[in-house]
Amino acid sequence: MLKLKCFSCIVCESSNAFFSLSSGSGIRGFTPFRFSVEPVDTLAVRGLPAVLNCSAASDAPVRVEWKKDGTFLNLVADDRKRQLVDGSLLISTVVHSKHNKPDEGVYQCVATIDILGTISTRTARLTVAGLPRFLSQPEGVSVRMGGTEMLSCEVTEELVPFTRWERDGRPVELYDRVIQLPSGALVISNASQSDAGLYRCTIDGLGPAKTTEEAELQVSADSGVEEKLETLQGPVAVAKVVGESVLLPCVMKGYPAPMIRWTFNDRPIDESRERFAVIGGGSLQIVNLTEEDAGIYVCQTDSGNMTSEIQAELTVHVPPRFLTRPSNTYAQESMDIIFECDVTGSPPPTVKWMKDGDTVIPSDYFRIVKQHNLQVLDVALPSAVPSLTDATTDHVASSPAERSGPTPSAPRDVVASLVSTRFIKLTWRLPAEPHGENITYSVFYSLEGTNRERVENTSGPGEMQVTIQNLVPDTKYTFRVVASNANGPGESSTPLTVATQLEVQVPGPAPNLQVVSVGTASATLSWERPSTGNGEIQTYKLFYSEKGQDSEQDMDVTGLAYTVTGLKKFTEYSFRVVAYNKHGPGVSTEDVVVRTLSDVPSAPPQNLTLEVLNSTSIMVRWQPPPPGTLNGELTGYKLRYRKGLRRADTIEISTTQLFQLIDGLEKGKVYTVRVSASTVNGTGPTTEWIAAETFENDLDESQVPGVPSSLHVRPLVNRIVVSWTPPENQDILVRGYKIGYGIGSPHAHTVTLDYKQRFYSIDNLDPSSHYVITLKAFNNMGEGIPIYNSATTRPQSDPDIDFYELFNNPYTPAPDPTPMLPPVGVQATVLSHDTVKVSWADNSLAKNQKITDSRYYTIRWKTNIPANTKYKMANTTSLFHTVTALKPNTLYEFSVMVTKSRRSSTWSMTAHGTTFESIPSSAPKDVTVISKEGNPRIININWQPPTEANGKITGYIIYYSTDVNAEVHDWVVEPVVGNRLTHQIQGLTLDTTYYFKIQARNSKGMGPMSDAAQFRTPKGKPQPYKPGITGSQENHILVIVVIVSVGVFTIIAVVVGAVLCTRRSNSHQKKKRAACKSSTGSHKYKSSSKDLKPPDLWIHHERVELKPMDKSPEPNPVMTETPIPRTTQDPAAEPSHQRRGHEGEESVSTLAGRRGVRPKIMMPFDSQPSQPVISAHPIHSLDHLHHHHHHYHLPPRGYLHHQIGLRAPATPRMLSDPPAPGPPVAPSQPSTTAELQKTEAVIKEEEPPSINPPTAHVRPTHPLKSFAVPAVTVSAHNPPTYETALPSTPLLAQPVPGVKMASIGTLNRVRAPMAVTVPSAPDQSETSKMLDTTYETDELSEEMAHLEGLMKDLNAITTG
């Protein structure tokens, strides 16, 4: 009977099969042999014992051994490890440190029956938990009543099962409202005051308990203030095994309280199902998982105006399970047998066959058939069975009978490029006739003198080298190489015989190789001196390679540590070390894999697109950063958006998805968006700002879309390229398009496309066939009216056109010796402010200009402002094209070229067109307001033209108001004609805030208003308002002194005349009375119709002390009327009927106060700039005017304050109008009537007016000072003439009767006449009463004392 060997089909659990070879002498029964217990992955604690269970069942004696990391353990030399009776491995005390981890690794239990064979268990990893430590400390937080909050407990993944929470020193009870997440964090939902306290996270079960610092949770009352939606913890991808439970966290914070819903594969989750429950305020818990639970779970959150969606994939693994187990088999020598093995699981399990604990390698004797079954060919006796290597191969080539085509010839130049004591490296060249690509190679080798070959396959297609390991030193081996293609293995190369070298004393492997990632691009290696050095170590060679790459890099190192730099970020590398002595390289260490540290992404997300869904929302989509630039595990994306194109406040949204809906936006506004990717290290670079404008109004979906405006087809040999334009009515929502096509009928095939698509290639068509094509738009209301077209595909002999070049590179065609003629007669017809129609003719077409071939036209256009503007282009198959989205009032140039197949013309002659003007689309900018120096009531407002004027600016409109929220029609309007960029506004109130807006205007209308510019007029000492007034302070003093002097001397003359008349005899009184009547006859009273001459009364100027006056530096000194105030109130702020001349009444004598009604003098302005100008002010006449103000509309403020000029005679005198005979004529006075007529002013008397004009008041800015009276010339024969620039002023229409007129000039500008009151003579009845009255001595003395006091006051004023 032959010796039995054991075969195992290994998946996740073992199933053993045996076959027995019979030589005809008899058959021996099978011996049961299997594992009843296998080791599993174990988490051990440093310093504590650990057990790996293993038990083999058989009727025969079983020897159990253990492997660690593929090497059998020497339990005799290790006093900490021992094997128990049942075969389990006990580690009495686990040892683990930073640089010494002897117990951590991969273990495997091996059972052997000497007369039968060997079986092995699955591998089990022993992991030693690190020192209990926290990566961060929880922080104190505050949560509103009924809200949700999360306290973090960051620990390493293996420590999470050992964490628990305490509140105020007592364990926290977990239930539906208070849960602990898989990360260890504590979530408290629907918070109440009972949840407040001090929390801490504790690690138990790994030695002494370790706790974090205490963090206080405060519960505050609900304030009702809206709180932004915040994601505290979202779901992440997770993998679980069938039957386990999973918790998908979704912890959201905000106010109003977020509403959380879950969907599974786009369907709402029924929370009433027993296995599904939403706990902790929003986290989804699933118990007893099934395979059907795998899929995409989405947490949808809604809080007021903000929404959020976070999705995660749940993967449910199904443990491997045998559907068909290998069965024991009997076989005879040279037979072929098959061991069947069928398994199932999710993910699909990997099957590996083993024989006596060694992996079966597919070769000429062992094949894997039907995916998992093992076929043994030409069964041989046990003595001829070859030993097997540890290499693994899933499949081998088919048998020669299965070949269906030519196979490769023999590989060439097979040589042994490296020969050592225990391995040989072979290289070769490509076969002369490979007959295909992806050539693989198999190396067959055997000991010299034997016929059983072993096989070693290359690692991948195209690899032309292999290293044969585990050879015997000083032994000859025969090698041959066979190449394989898709048809199977080809010819074998000529056998090559190579002998391994003699065994030499080379170093053993360097023990305790440690690799630590110390940066994003570096790793530090350390190792110890080999225990079997076999001589002095000369150097070490360090090999490393990127995971997944075949090429290794190496470097020589002299010490026992080295830091490798220049590595890629967050990339796995494999490291190994080989020691060298004088004999050569020693044994290599096992590969140690380590990943470099992560970093922030080095590139932004790709393909950022914005899709405007409606007037208030935009959908943002993007793709992850390019491969190799993420530099870590992606934790999410940060999306920032803002309103407008310039700097503004940005809003940030975090998400883990590749899309985000932004809603709650304003209608018709431009928003800009950018996105950045984040890792645990931070946020990477952002994309450029991408802009999109929300709709002014939501698109209509109450009706189906209209017919597409155009449909173009371009037939090729096996396809038709279809392009179209959307329906003309853009206000109806289009959700997509449907294309129907078929031979003779468009209903054979239907394709549904996205609404953004504008062309489509219908492929796999028959040549020379007539296809009918239809296109229609659709929305939720239904499908619109279709548009039809037809085309005949080209014959098979016609060359096809490259689709990519047709649509993506039509502007740089390949050079052709016979280029096409360019289009001619290019015309640009302007249709609107943003649309131009371009048309042309093609001389290469027939006279009817009908296009019958596949040519198309390319239109390009640009504007020369700015100079570096790039061309924009469009394609069309017609002889015209409408260019849209142009800028208003802009000159564009257009040119056209034609392309047919691979031939193109040059660009045509250029046509130009200027788009029409449009209303300005932007407001004037840089609005500034400054106060005029010296006059705070006047401001200058400056601005710059609008950026988008869209035409020639014809003017501006300035709006200003003290209330920024006032309606537009309540603002004061100041028009500015032309393109001036500055304007002056007068008459503003001191210490008042004004708001200014400016609006530009062109021929098409008004543009938008600028933002309100705020300006506050200064405080300062109140100043009189003097619009349009120029002149020095001395001019004002002169005006005041002249007015006061005229009034005072008039009063003196009247009093003296009255006293003298009462002292004369009766006869003299009669004579003087007649003289008085004669002297006052020039005044016309109400009861008289006869003209009388004025009195012969002059007051000499020598009686008033005068001082020289410095003239103003300005060419036309102008004075303003200056009343003498008695209060500190601003007269300009009082109503006109309250501003009365009380001051003047107090300054005149009681005699003057008893006079009758005083006629008023009208002093119109003349335009004689060469005459000196003074101001006249009525001191005591305003009390008779207030009852007339309601009949008169005040002119603008700039015209309320009038200036008057009096032309004086050669001898300066002050003009007066006394009512009584004057004193005896002095020698210096004129003695004749003719002389009087030459020197006195002509006063025209008419009937008194029915309406008295108002008299303006202005406050003085300084006290009266001395002055000199300028020369004045008055002609009695040439009365002044009057002109006006304000024909609408009633006072200038005709001379006002009963009012004395004086000539007034103000800086060459004619102003409205000003009413000035002067004392008038009493009528006859008053004079008679005065003459009949006898003044007593005391009364007369009192009057004279009063006059003397007035003279002293006047003298003090003029000399002060």
Side-chain angles (χ1 to χ4, degrees), residues 225-234 250 252-256 258-260 298-311 600-626 629-630 634-679 681-699 733 754-756 885 921-923 925 947-948 1008 1011:
V225 178
E226 184 173 352
E227 185 178 349
K228 182 180 178 181
L229 183 64
E230 180 182 358
T231 302
L232 299 180
Q233 178 69 57
C250 185
M252 311 298 291
K253 179 180 179 181
Y255 187 83
M259 297 294 295
I260 298 178
V298 179
C299 171
Q300 299 177 342
T301 308
D302 186 0
S303 175
N305 293 328
M306 295 194 65
T307 61
S308 174
E309 285 190 2
I310 306 176
Q311 71 176 20
V600 299
S602 56
Q606 305 178 95
N607 303 329
L608 175 63
T609 60
L610 305 184
E611 178 185 352
V612 180
L613 301 182
N614 50 48
S615 61
T616 59
S617 61
I618 297 175
M619 176 62 74
V620 186
R621 292 183 173 89
W622 62 90
Q623 294 297 323
T629 62
L630 197 55
L634 179 69
T635 59
Y637 297 92
K638 288 187 178 180
L639 182 146
R640 296 178 177 89
Y641 70 95
R642 65 188 183 189
K643 183 172 71 174
L645 300 175
R646 296 185 178 180
R647 294 181 177 271
D649 294 336
T650 60
I651 301 175
E652 181 176 299
I653 300 175
S654 297
T655 179
T656 58
Q657 308 305 313
L658 295 175
F659 60 90
Q660 179 63 44
L661 176 65
I662 306 176
D663 55 4
L665 306 179
E666 298 182 20
K667 296 183 178 180
K669 299 296 183 181
V670 175
Y671 288 85
T672 52
V673 181
R674 68 181 183 183
V675 180
S676 59
S678 300
T679 62
N681 301 85
T683 303
T686 62
T687 61
E688 297 292 333
W689 288 103
I690 303 297
E693 183 177 2
T694 56
F695 299 146
E696 289 286 350
N697 296 291
D698 289 331
L699 297 181
L733 179 64
D754 188 74
Y755 75 97
K756 295 180 290 185
S921 55
S922 63
K925 58 184 180 180
T947 304
E948 299 174 357
D1011 295 334

Hey, could you give me the [atom1]/[atom2] distance between [X] and [Y], rounded to the nearest 0.5 Å?
| X | Y | atom1 | atom2 | result |
| --- | --- | --- | --- | --- |
| T609 | I618 | OG1 | CD1 | 11.5 Å |
| S676 | E652 | OG | CD | 7.0 Å |
| I662 | L610 | CD1 | CG | 7.5 Å |
| T301 | E230 | OG1 | CD | 12.5 Å |
| L658 | Q623 | CG | CD | 6.0 Å |
| E309 | Q660 | CD | CD | 8.5 Å |

Quickly, which of V673, N607, L639, L608 forms a side chain to side chain contact (heavy atoms under 4.5 Å, CB included) with T687? Name it, please.
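That would be L608.
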Quick one: sort the Y637 and W622 rings into parallel, tilted or perpendicular, breaks at 30° and 60°.
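Taking W622 first and then Y637, their aromatic rings stand perpendicular (interplane angle over 60°).
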Does any N or O in the side chain of [X] come within less than 3.5 Å of the main-chain N or O of [Y], such that one atom is a donor and the other an acceptor?
| X | Y | result |
| --- | --- | --- |
| S922 | E948 | yes |
| Y671 | S617 | no |
| T694 | T616 | no |
| Q657 | Q311 | yes |
| E693 | K669 | no |

Ignoring hydrogens and angles, state whether a donor on the side chain of T683 or S678 is under 3.5 Å from an acceptor on the partner side chain.
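Side chains of T683 and S678: pair found under 3.5 Å.
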Does one side chain, of R642 or T672, offer a donor that lies under 3.5 Å from an acceptor on the other?
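Yes, side-chain donor-acceptor contact under 3.5 Å.
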Tell me, with the steps shown, if S308 and T655 meet side-chain contact (heavy atoms from CB on, under 4.5 Å).
CA-CA 8 Å; S308 174; T655 179; over 6 Å; no
Minimum-distance pair of heavy atoms, taken over all atoms of [X] and [Y]:
| X | Y | value |
| --- | --- | --- |
| P685 | P605 | O-CD, 4.2 Å |
| G682 | P601 | O-CD, 4.0 Å |
| P625 | A677 | CG-CB, 3.8 Å |

Taking the side chain as C-beta and beyond, is there a heavy-atom pair between S602 and T629 under 4.5 Å?
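S602 vs T629: side chains touch.
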Looking at side-chain heavy atoms only, is the closest gap between R674 and P604 below 4.5 Å?
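Result no, sub-4.5 Å side-chain heavy-atom pair not found.
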Show the numbers, then the answer: is there a side-chain contact (heavy atoms from CB on, under 4.5 Å) between I310 and T231?
CA-CA 9 Å; I310 306 176; T231 302; 3.5 Å; yes
For E688, I'd like to know if atom CD has over 12 heavy atoms of other residues, nucleotides or ligands within 6.0 Å.
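At most 12 heavy atoms, drawn from other residues, nucleotides or ligands, come within 6.0 Å of this atom.
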Heavy-atom count around K228 NZ within 6.0 Å, excluding the residue itself: above 12?
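Buried by this count: over 12 neighbours within 6.0 Å.
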Kindly determine whether E611 and F659 satisfy side-chain contact (heavy atoms from CB on, under 4.5 Å), including the steps that lead there.
CA-CA 11 Å; E611 178 185 352; F659 60 90; over 6 Å; no
As a quick check of understanding, evaluate side-chain contact (heavy atoms from CB on, under 4.5 Å) for Y641 and I653, giving each step before the final call.
CA-CA 9 Å; Y641 70 95; I653 300 175; 3.8 Å; yes
